[in-house]
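Let me begin by presenting the structure, written as structure tokens, before commenting on it.
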Amino acid sequence: STLYGSQAIGGSTGSVAFPIGHSFGLFTEGTAGSIGGYGFYQGGTNLYWRDPSLGLVGATGQVGHFNTSFGDANFASGGANFEGYFGRFTAFATVGAFGVQSLKAAGYGTIGTAYYPTDNLQLALSGIDVGGSSGVQGGIEYLLPEKVQGMATTVAVDGFAGNHGMSGVMARLTLLFGPKIANNKTLIERRRQDD
């Protein structure tokens with residue numbers, strides 16, 4: 001297997017959100033998976049201030065490990081994220097830096113918008129740059145009208161295309177645990193209130 005060409009990606013992600021008072025929150029997540037037969041895992045957190053009628057400002061940190069045909073490596077990143085809420089539109093941006101093992105640190109950033117044609121359907125488009133690899137990504141997410149085993153459930157498809165011949169598509173199924181009142185929220189309410 002090589003680092004280039006078509007590669008299968010698989011894995012799972014878990015996350016937990018902790019409210020801190022009325023306007024602050026802590027969102028923590030972890031992922032484990034495989035890309036082309038090589039494993040990876042990572043964990044991160046986002047400490048943020050949010051007003052559901054205005055927007056969000058947060059600070060992020062992440063650490064992880066992956067292996068490749070060249071050997072194993074650790075990585076870390078840190079940065080800031082921003083969201084602004086304008087009716088059915090959400091503007092968002094991230095900025096930060098990351099480092100991999102002994103390589104020189106590099107920057108990353110995204111800027112984009114999400115639109116909700118209905119309360120349970122999100123369309124998103126953004127520009128991305130990670131250490132000089134840039135491109136565009138888009139996605140669609142839908143909150144299913146019926147709960148699965150009592151849990152609110154979303155389905156999503158995301159795609160990206162960029163320089164250096166990079167492109168990909170990923171489908172997601174998300175099961176949302178939580179108290180009954182949280183499980184009755186719409187998708188736009190979840191994205192602006194919960195995580």
Side-chain angles (χ1 to χ4, degrees), residues 1-15 27-48 55-84 89-116 121-142 154-174 191 195:
S1 181
T2 67
L3 290 176
Y4 303 99
S6 297
Q7 307 236 348
I9 300 174
S12 65
T13 298
S15 58
F27 178 78
T28 302
E29 52 86 25
T31 300
S34 174
I35 301 176
Y38 294 99
F40 68 91
Y41 59 86
Q42 65 82 30
T45 193
N46 182 11
L47 176 63
Y48 59 86
L56 173 148
V57 177
T60 65
Q62 186 179 63
V63 295
H65 179 85
F66 62 90
N67 51 34
T68 70
S69 57
F70 303 113
D72 294 358
N74 298 314
F75 65 89
S77 69
N81 59 317
F82 311 91
E83 293 180 1
F89 285 92
T90 297
F92 58 88
T94 65
V95 64
F98 68 95
V100 179
Q101 206 76 3
S102 59
L103 300 177
K104 183 179 177 182
Y108 69 84
T110 65
I111 186 165
T113 188
Y115 174 66
Y116 296 85
L121 178 65
Q122 181 198 69
L123 308 173
L125 183 66
S126 61
I128 58 173
D129 186 273
V130 179
S133 294
S134 58
V136 295
Q137 62 184 16
I140 182 169
E141 184 175 18
Y142 180 62
T154 68
V155 292
V157 177
D158 301 300
F160 69 91
N163 60 359
H164 309 301
M166 294 188 309
S167 64
V169 176
M170 182 176 293
R172 290 181 288 123
L173 174 70
T174 306
R191 295 296 171 258
D195 61 321

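When reading the values below, keep in mind they use all heavy atoms of this one structure, side chains included, and skip hydrogens, waters and symmetry mates. On a predicted model such as this, the values are computed, not experimentally measured, just so you know.
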In Å and rounded to the nearest 0.5 Å, what is the OG to CG distance from Ser12 to Leu173?
12.5 Å

Determine whether the side chains of Glu141 and Thr154 contain a donor N or O and an acceptor N or O closer than 3.5 Å.
yes

Under 3.5 Å, is there a donor-acceptor pair between the side chain of Asp129 and the main chain of Gly109?
no

Would a 4.5 Å heavy-atom cut-off, applied to side chains only, mark Val95 and Phe82 as touching?
yes

Which atoms form the tightest heavy-atom contact between Gln137 and Phe160, and what is the distance?
CB-CB, 3.8 Å

Testing the basics here: between Ala106 and Gly131, what is the closest heavy-atom pair and its distance to 0.1 Å?
CB-CA, 3.9 Å

Could you give all pairs that pass the salt bridge (charged side-chain N to carboxylate O under 4.0 Å, His left out) test and reach residues 161-173, with sequence neighbours left out?
Asp158-Arg172

Decide yes or no for Tyr116 and Arg191: does some side-chain heavy atom of the first lie under 4.5 Å from some side-chain heavy atom of the second?
yes

Nearest heavy atoms of His164 and Ser133, plus distance in Å:
CD2-OG, 3.6 Å

Out of curiosity, Leu47 CG to Thr28 OG1, how far, rounded to the nearest 0.5 Å?
9.5 Å

Please enumerate all residues that pass side-chain hydrogen bond (donor to acceptor under 3.5 Å, both in side chains) together with Thr31, with sequence neighbours excluded.
Thr13, Gln42

Heavy-atom nearest pair, Phe66 first then Val100, reads CZ-CG1, 3.8 Å

Val130 to Phe98 - nearest heavy-atom pair and separation:
CG1-CE2, 3.6 Å

Note: Phe89 and Thr113 closest approach over all heavy atoms is CD2-OG1, 3.8 Å

Distance (rounded to the nearest 0.5 Å) between Ser134 OG and Ile128 CD1:
8.0 Å

Donor-acceptor under 3.5 Å (Asn46 side chain, Phe27 main chain)
no

If you count every heavy atom of other residues, nucleotides or ligands that lies below 6.0 Å from Leu123 atom CG, does the total exceed 12?
yes

Output a table of donor-acceptor pairs, distance under 3.5 Å, between side-chain atoms of residues 70-81 and any protein atom two or more places apart or on a different chain; print 'none' if there are none.
| unit_1 | atom_1 | unit_2 | atom_2 | d |
| --- | --- | --- | --- | --- |
| Asn74 | OD1 | His65 | ND1 | 2.7 |

